[in-house]
Protein chains: 4
Amino acid sequence: MTHDSFRGVFPYLVSPIDASGAVKRDVLARLCRDLIDAGVHGLTPLGSTGEFAYLTWEQKSAIVETVVEAAGGRVPVVAGVAATTVVEAERQAAAFQAMGCDGILAIMEAYFPIGDEGTFGYFNAIAQAVSLPVALYTNPNFQRSDLTLGVIERLAAIDNVAYIKDASSNTGRLLSIINKVGDRLQVFAASAHIPACVMLIGGVGWMAGPACLVPSQSVALYELCRQGKWDEAMAAQKELWALNQAFAKYNLAACVKGGLELQGYDVGMPLPPQASLSTEGRDELRGMLQSLGALGSGRRRVTQKN
Amino acid sequence: MTHDSFRGVFPYLVSPIDASGAVKRDVLARLCRDLIDAGVHGLTPLGSTGEFAYLTWEQKSAIVETVVEAAGGRVPVVAGVAATTVVEAERQAAAFQAMGCDGILAIMEAYFPIGDEGTFGYFNAIAQAVSLPVALYTNPNFQRSDLTLGVIERLAAIDNVAYIKDASSNTGRLLSIINKVGDRLQVFAASAHIPACVMLIGGVGWMAGPACLVPSQSVALYELCRQGKWDEAMAAQKELWALNQAFAKYNLAACVKGGLELQGYDVGMPLPPQASLSTEGRDELRGMLQSLGALGSGRRRVTQKN
Amino acid sequence: MTHDSFRGVFPYLVSPIDASGAVKRDVLARLCRDLIDAGVHGLTPLGSTGEFAYLTWEQKSAIVETVVEAAGGRVPVVAGVAATTVVEAERQAAAFQAMGCDGILAIMEAYFPIGDEGTFGYFNAIAQAVSLPVALYTNPNFQRSDLTLGVIERLAAIDNVAYIKDASSNTGRLLSIINKVGDRLQVFAASAHIPACVMLIGGVGWMAGPACLVPSQSVALYELCRQGKWDEAMAAQKELWALNQAFAKYNLAACVKGGLELQGYDVGMPLPPQASLSTEGRDELRGMLQSLGALGSGRRRVTQKN
Amino acid sequence: MTHDSFRGVFPYLVSPIDASGAVKRDVLARLCRDLIDAGVHGLTPLGSTGEFAYLTWEQKSAIVETVVEAAGGRVPVVAGVAATTVVEAERQAAAFQAMGCDGILAIMEAYFPIGDEGTFGYFNAIAQAVSLPVALYTNPNFQRSDLTLGVIERLAAIDNVAYIKDASSNTGRLLSIINKVGDRLQVFAASAHIPACVMLIGGVGWMAGPACLVPSQSVALYELCRQGKWDEAMAAQKELWALNQAFAKYNLAACVKGGLELQGYDVGMPLPPQASLSTEGRDELRGMLQSLGALGSGRRRVTQKN
């Protein structure tokens with residue numbers, strides 16, 4: 001297996017934590033294996049959905065360790081590095097490489113606004129700290145400092161900066177990135193974009209929380225896009241979109257954890273003071289998962305249909 | 001000609017005003033005729049690009065009169081109604097119908113935030129004031145009150161509310177609208193969306209300022225989308241996208257007016273205190289138009305190629 | 001009477017409009033006379049509270065005419081000029097001077113963002129169009145373009161630019177303005193500031209909607225501040241502050257019009273689609289006015305106490 | 001010494017870190033002693049100025065340890081607790097109490113928005129975790145979730161929730177808080193407010209970074225306010241305000257660290273990727289400090305004058 005060309009569906013994994021603060025390794029491992037069996041192309045621990053901002057380093061490293069072991073080399077593992085300081089980001093990235101990860105998702109946290117020079121410095125430092133391919137992550141909704149086109153262009157010139165995951169809802173911006181550095185950076189969509197649209201404009205896949213709940217359906221959509229069957233792709237996309245809408249409406253982690261609980265994974269709740277999914281939200285989600293064939297024996301239903 | 005099914009490329013027209021405040025009727029009329037000759041499917045005076053927020057009623061009515069006459073029934077004219085009060089919006093809409101317009105683009109201006117009830121009331125009043133089809137216009141970037149999905153759903157139930165033009169950059173929101181009321185409301189894209197993506201998810205065309213500058217290229221893109229030739233469509237789309245980026249970067253009206261001046265239309269500058277297109281902006285725009293074959297004899301070049 | 005040194009309490013007048021769109025001249029005139037009798041130092045028609053953004057020119061000129069006549073030279077009238085274009089702002093300002101106003105409150109409306117050069121140009125043009133003193137108005141909450149400190153400094157150098165009315169809630173910014181151009185520009189507070197604080201740092205009064213409802217109480221507070229009786233001033237200020245809080249919570253115009261209706265002025269409702277004051281809001285307001293001695297015979301109560 | 005009634009000037013301490021990541025304990029201890037000698041009423045490590053969001057737990061505990069020891073019981077130490085999870089906040093608070101702190105400044109970090117219930121739960125948990133007085137910290141500029149008036153009222157009912165430090169620039173909001181729960185919560189200003197104004201409306205002091213640079217001047221201002229000498233207070237306030245403006249203009253930590261370097265404290269630079277104070281900023285700051293008598297032998301000048 002070569003990991004230097006990530007593409008396809010990379011679910012953002014949730015972080016199952018028990019009441020004592022320990023990672024539920026068995027629950028997480030089972031989820032990883034099931035997702036791989038359902039055909040996903042990679043695993044992404046410690047993204048937004050994975051509550052990276054709420055975990056201790058002990059929890060983070062236990063999660064990455066578990067995912068790498070569960071993946072067993074069948075699909076690449078791209079782990080989220082997130083810090084406010086350069087020093088801490090370098091440390092995390094090097095540690096994840098040592099644990100056997102196949103790529104780094106690079107996230108910058110900030111309290112004060114950071115200018116272009118600081119932003120470049122942060123992401124560059126992560127790239128230098130590892131030999132793995134790095135995916136730049138940008139999320140203007142939850143973060144304070146955004147990657148400008150100019151900084152993205154400078155970062156794209158670095159050898160192992162190979163991907164960008166954009167979590168804004170501005171799909172046009174992705175086309176601007178592709179037009180400018182599409183030969184050097186591959187683009188992954190996020191749940192706020194319509195995956196089929198990002199595939200149409202030249203994206204290579206998506207990293208998103210909802211794929212935890214509908215992995216085989218997501219893979220089926222990806223294949224339709226890749227084969228250029230756009231009419232069929234859009235029919236599938238329209239059905240799946242309701243789930244992305246729910247993710248925008250509710251807390252991301254609460255929503256995916258709530259859905260996985262409905263599917264029989266004992267992943268627990270988001271860490272307090274985050275709220276759990278409301279009863280109303282759970283009912284809405286149950287209805288969606290049912291109609292998508294993703295409840296009960298439904299996790300396999302799509303495969304059976306084919 | 002029947003106008004009850006608008007579709008395709010509707011350029012947002014600029015509003016050419018001379019130093020004395022008079023509308024340059026001949027310049028506007030020539031632009032309209034050239035656009036129709038280039039194949040556009042409709043004309044939209046008094047959108048954002050048309051500086052609706054900067055014009056007196058005398059100027060607005062002279063513009064609509066000129067456009068209706070220049071169109072001569074060859075393509076539908078959808079004029080922008082924009083007001084802060086219900087009374088004024090009703091008056092404008094009725095006047096535009098009396099002048100021979102084929103549709104109304106309904107825009108709500110606001111100083112104080114307006115709740116859902118007031119927003120519904122405003123758009124409903126416009127629809128009741130005319131027998132023409134109405135297109136809802138929403139632009140969260142420049143306006144203070146947005147149309148929520150709930151209000152859109154209520155408005156879609158009104159007989160002559162038939163279209164929605166969304167000028168956010170959130171393409172996913174358009175899919176949410178289509179999923180909810182796609183059987184009753186047809187969706188037009190704006191320049192902040194990638195038109196080919198909006199066509200893919202079920203849109204019927206786009207209303208946008210850039211189409212003033214590249215009408216035949218826009219029509220060619222539209223036809224490729226309509227025929228489902230998505231690979232060719234995306235190749236064309238990628239080339240045209242640079243123009244949309246420029247529109248986001250500079251003032252919309254300054255940009256389209258500046259470009260039309262380069263193409264030989266004496267449309268003048270945006271009304272002060274709006275700034276004219278900078279020298280840097282004009283140079284950037286000239287380069288784009290040249291590479292798109294839209295300068296000099298270029299306005300016909302695309303047609304010649306076909 | 002000399003008007004070249006405005007100071008004190010300038011109520012923002014509401015704009016009473018009947019169902020046919022006509023200005024209720026007699027109601028407005030009675031309100032003006034009562035406010036002057038209660039001791040206010042000036043009258044300000046066509047501010048935010050006056051719904052300037054919702055009125056036709058016919059309504060605006062009828063309002064200014066009525067206020068000038070009712071004032072009868074007893075207190076200065078400072079009328080709001082508000083437009084998106086330079087041309088229209090100049091026209092309004094000149095017309096208000098011709099009608100006998102004593103000052104101009106200069107407001108810039110905007111649809112597209114306007115840079116520093118355009119902003120300076122707009123306000124400068126108003127100052128040149130009249131020989132009256134001009135008060136700059138800045139309201140970052142409801143407007144799109146703000147006056148930077150640099151532009152304020154340039155405008156302060158113009159002879160008849162003599163006042164600034166800041167409607168942000170950032171009192172520190174006022175001290176920055178005073179530190180920079182306090183020798184040339186006099187500062188008026190707005191309802192979002194604590195008037196006593198603005199007086200402490202060197203302000204000369206306030207222009208605000210709530211003063212319509214509690215004119216004598218406002219004047220009493222102003223006098224305490226002017227005499228440096230800060231402890232008594234703060235006791236009075238704390239009582240009055242509840243009213244300012246209500247104005248921030250509800251729509252400004254709805255709130256002042258609702259309160260005036262409770263006090264027996266038949267000013268009507270804000271123009272649709274603006275919502276009227278809710279029942280809950282009216283009850284809250286009634287309680288406040290009662291405890292401030294501003295209901296029933298209460299409009300005189302403060303005077304009686306003294 | 002009793003610490004149950006904090007009042008006066010509490011400088012936000014910077015966090016001096018060397019290139020290896022170690023806390024410069026001697027520099028920090030000297031700064032603390034000098035501030036106490038200059039008359040400050042308390043010390044606040046790990047506020048925004050103290051870069052709490054950029055430090056490891058090892059660095060945080062070394063800082064608190066150093067400050068408690070340097071204070072030696074002469075003034076209270078109120079340490080900043082900041083976390084995204086309830087569990088981590090409780091752990092930090094308990095640790096700081098064990099280290100001998102006199103109070104807790106409670107800060108909530110957030111990645112996803114947190115509702116009222118979660119916000120209450122977070123601050124309540126900190127209060128329950130210690131027997132020390134707790135100051136609620138709210139900073140809508142840099143944080144994602146704000147304390148609503150309703151939540152503040154609920155928190156004020158808790159026995160050891162005794163203070164609130166508001167870092168918005170909205171002084172009116174402070175008066176609303178005082179009007180509502182002023183009998184239970186004492187209010188401290190922040191650098192974005194005008195301290196003299198907050199004292200006027202009933203505040204008990206300020207917690208702010210600039211006081212590190214002008215401690216004796218700040219204490220003198222505080223005393224003037226406390227004695228009700230408002231005219232003299234405002235004269236002093238106007239001079240000091242330029243410094244607060246600089247803090248708003250530049251990165252807080254960069255600014256205070258840069259100023260302390262000019263004063264001979266080797267506190268170093270903010271942690272990367274934060275930028276250091278620019279040359280222009282340093283020059284501006286030098287000029288201010290000089291004119292305030294806070295450079296060279298200037299740190300004592302104010303005392304000498306008295």
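Per chain, numbering begins at 1; letters A, B, ... match sequence-line order. Atoms considered below: every heavy atom in the structure, side chains included; atoms not considered: hydrogens, waters and symmetry mates.
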Among B:Gly121, B:Ala275, B:Gly118, B:Pro272, who wins on heavy-atom pairs under 4.5 Å with chain C? B:Pro272
Report, as yes or no, whether the 6.0 Å neighbourhood of atom CG on C:Asp159 holds more than 12 heavy atoms from other residues, nucleotides or ligands. no
Give a yes or no on whether the backbone of C:Ala53 and the side-chain of B:Thr84 come within a donor-acceptor separation of less than 3.5 Å. yes
Has B:Tyr54 got a side-chain atom pairing as donor or acceptor with C:Tyr111's backbone, closer than 3.5 angstrom? yes
For the atom pair [atom1] ([X]) and [atom2] ([Y]), what is the distance rounded to the nearest 0.5 Å?
| X | Y | atom1 | atom2 | result |
| --- | --- | --- | --- | --- |
| C:Arg91 | B:Thr56 | CZ | OG1 | 9.5 Å |
| B:Gln274 | C:Ile114 | CD | CD1 | 5.5 Å |
| B:Thr85 | C:Ile17 | OG1 | CD1 | 10.0 Å |

Min side-chain heavy-atom separation B:Phe112-C:Ser48 under 4.5 Å: yes
